[in-house]
Amino acid sequence: MKLPIYMDYHATTPLDPRVLEAMLPYFTEKFGNAASRSHAFGWTAEEAVERSREEIARLIGANDERSGQPDGKSIVFTSGATESDNLAIKGVAEFYKEKGNHIVTTKVEHKAVLDTCKRLEKDGYEVTYLDVDRYGMVDPDAVAKAIGPKTLLVSVMLANNEVGTVQPIAEIGKITRAKGVLFHSDAVQGIGKVPFDVNAMHVDLASITAHKMYGPKGVGALFVRRSKPRVRLTAQMDGGGHERGLRSGTLNVPGIVGFAKAAEIMRLEGKAEAERLVRQRETLKKKLTARLPEVHLNGHPEQRLPGNLNLSFAYVEGEAMMMAIKDVAVSSGSACTSASLEPSYVLRAMGVGEEAAHSSIRFGLGRFTTDEEIDFVARLVIEKVEKLREMSPLWEMAREGIDLTQVEWAAH
Amino acid sequence: MAYSDKVIDHYENPRNVGTLDKNDENVGTGLVGAPACGDVMRLQIKVEEGKIVDAKFKTFGCGSAIASSSLATEWLKGKSVEEAEEIKNTAIVEELNLPPVKIHCSVLAEDAIKSAIADYRAKQASRKKAAAE
């Protein structure tokens, strides 16, 4: 077993060696510009791009309703999910501005969605940020209630990057379709890992990125529904009119080829991989909770990403914990790990107390996580939590039976 | 975040972790910070004939908070109470080479020292008062 161990698969994933293999020729001999229409170099690149579109469309069920075949034209390539989120939300808001000015989203979205919405608010749009329950789940009825005559778009993520909660996308899709409102989903974390089908779930726009599914960084896509309803967008990037005018810029051909290979692997192996990850995740959870008291799960117990285990270790601060297990790469909702010194907004939106937010650790398991690593991490975490609790005045006070909520703390 | 070697040393080998008897009249206890803010320090001093003969701490907080309190206990031992009062957070920042976002950890350590001394003095004052009566 090699150290350090990577358990931060929500942040990014390593490239699958098969993906790299597929990409390599497109850096060297097949280097053409997919927009070059007049020679073989361009045609080879364009062919690869078109095949890639179809492979990605297949993974998310973006099939043409009449032929039943994957509709590659519904895939717009971007630089990643942040750009896809911006293009979807700003693109809809601008294009349909005569029709309305209201967007519905949730408080636990990724910053690429939240900050895009905030920008639109400055430009005069209205945004409703829906609450979530204590598991981080949004209530479809709340979505229905929030939709008004001026609502253009609902944006709800497929799965949360911090706590792994999977949102009821199919239920929300039914509502938006019935009300004639467009539905965007930032599907970055969940694609290939939990069920996602844009037609079955009535999703009109979906953001995806390659590097969260063992593909390369710097390439993503936006699914844009082409019929029933046909979604129109205002482009956010001006230039050569690539991607049917929706996203100008020379296509990242090797990246796109890698993205498609990663999508193919996910389509073929994702289900078996998810089952293995659930087993490993539950093993890790059981090992930790069997030995350590007062360890709390953040997020939904079942409706969650297979590889996500987010735990709060009471009386131990998250950053200190990360230092203690420095041979394991994880992340924390603790304020001390963020530049803003604010604990995770996702945990706060779920009503998780600030103390618990400061004590949260996200273990992100993935394709290359081994059982041996799970055992090692469990042993290490148990040892370090016990050590840090011995150093924690809160742990001592709690052991003495002092109710910490009744202590008059001097907040600073 | 890249920490200095000194922070890592204090974090990995914290000095003087523990608990003194808070009911001992020669012990002063300072408990500062709040769980909601992500750091709580408890710093205790034991004073004999005006000199700090022992110091212990327990800290819930990040690496710099633990290192700041560990360093504080090291500095306190052997100092008179008056000398201890002069310890400034800036000295802790300098010694541990704390980055700007972690300066509040050193402030908390200074507060903990002051609070422990105040507790010790309050105990002494009430003892004198009891003796006089």
Side-chain angles (χ1 to χ4, degrees), chain A residues 294 312-327 331-344 347-348 352-360 384-400 402-412, chain B residues 1-3 7-20 22 29-44 56-70 73 89 98-112 114-116 118:
Chain A
E294 300 199 54
S312 286
F313 298 91
Y315 317 118
V316 174
E317 198 275 330
E319 195 219 54
M321 181 69 190
M322 284 170 56
M323 271 178 88
I325 57 167
K326 62 178 187 305
D327 283 333
S331 79
S332 169
S334 158
C336 286
T337 61
S338 74
S340 63
L341 293 184
E342 289 289 324
S344 150
L347 293 173
R348 276 185 298 159
V352 171
E354 286 191 329
E355 287 106 298
H358 283 292
S359 301
S360 75
K384 298 302 182 184
V385 167
E386 284 176 346
K387 181 187 168 203
L388 287 166
R389 280 181 173 173
E390 281 310 308
M391 283 172 67
S392 168
L394 303 178
W395 173 253
E396 189 184 302
M397 291 163 85
R399 292 300 97 180
E400 286 171 355
I402 296 170
D403 181 353
L404 295 175
T405 60
Q406 298 304 312
V407 177
E408 272 189 43
W409 300 103
H412 54 284
Chain B
M1 180 165 308
Y3 277 127
V7 169
I8 291 167
D9 180 41
H10 273 282
Y11 173 76
E12 287 181 350
N13 313 293
R15 286 43 147 191
N16 309 309
V17 174
T19 308
L20 297 173
K22 63 173 185 287
T29 301
L31 181 68
V32 297
C37 304
D39 32 31
V40 176
M41 278 181 199
R42 192 193 63 198
L43 198 143
Q44 295 182 297
K56 296 274 184 209
F57 84 95
K58 281 199 177 188
T59 291
F60 161 81
C62 64
S64 330
I66 289 170
S68 297
S69 33
S70 170
T73 57
N89 84 292
L98 292 180
V101 302
K102 297 295 184 185
I103 285 172
H104 71 276
C105 298
S106 69
V107 173
L108 206 59
E110 186 187 317
D111 289 351
K114 294 218 156 76
S115 165

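Hydrogens, waters and symmetry mates play no part in the numbers below; they use all other heavy atoms, side chains included. Letters A, B, ... are given to chains in the order of the sequence lines, protein chains preceding strands, and every chain is numbered from 1.
Among A/Glu354, A/Arg389, A/Met321, A/Met323, the residue with the largest count of heavy-atom pairs under 4.5 Å with chain B is A/Met323. When the candidates B/Ser69, B/Ala36, B/Gly63 are compared by the number of heavy-atom contacts under 4.5 Å with chain A, B/Ala36 comes out ahead.
A/Lys387 NZ: more than 12 foreign heavy atoms inside a 6.0 Å radius.
To the nearest 0.5 Å, the span separating CD1 on B/Ile66 from CD on A/Glu319 amounts to 9.0 Å. Atom-to-atom distance recorded for A/Met391:CE and B/Tyr11:OH is 7.0 Å, nearest 0.5 angstrom. Going from atom CD of A/Glu396 over to atom CZ of B/Arg42 covers 4.0 Å, rounded to the nearest 0.5 Å. For the atom pair CG of B/Asp39 and CG of A/Leu394, the computed distance is 10.0 Å after rounding to the nearest 0.5 Å.
The minimum heavy-atom distance linking A/Tyr315 with B/Phe60 is given by the pair O-CD1, 3.2 Å. Across all their heavy atoms, A/Ala320 and B/Gly61 have their closest contact at CB-O, 3.1 Å.
Contacts of A/Ala356 with chain B are absent, with no heavy-atom separation under 4.5 Å from either backbone or side chain.
In this structure, the side chains of B/Leu31 and A/Trp409 come closer than 4.5 Å at one or more pairs of heavy atoms.
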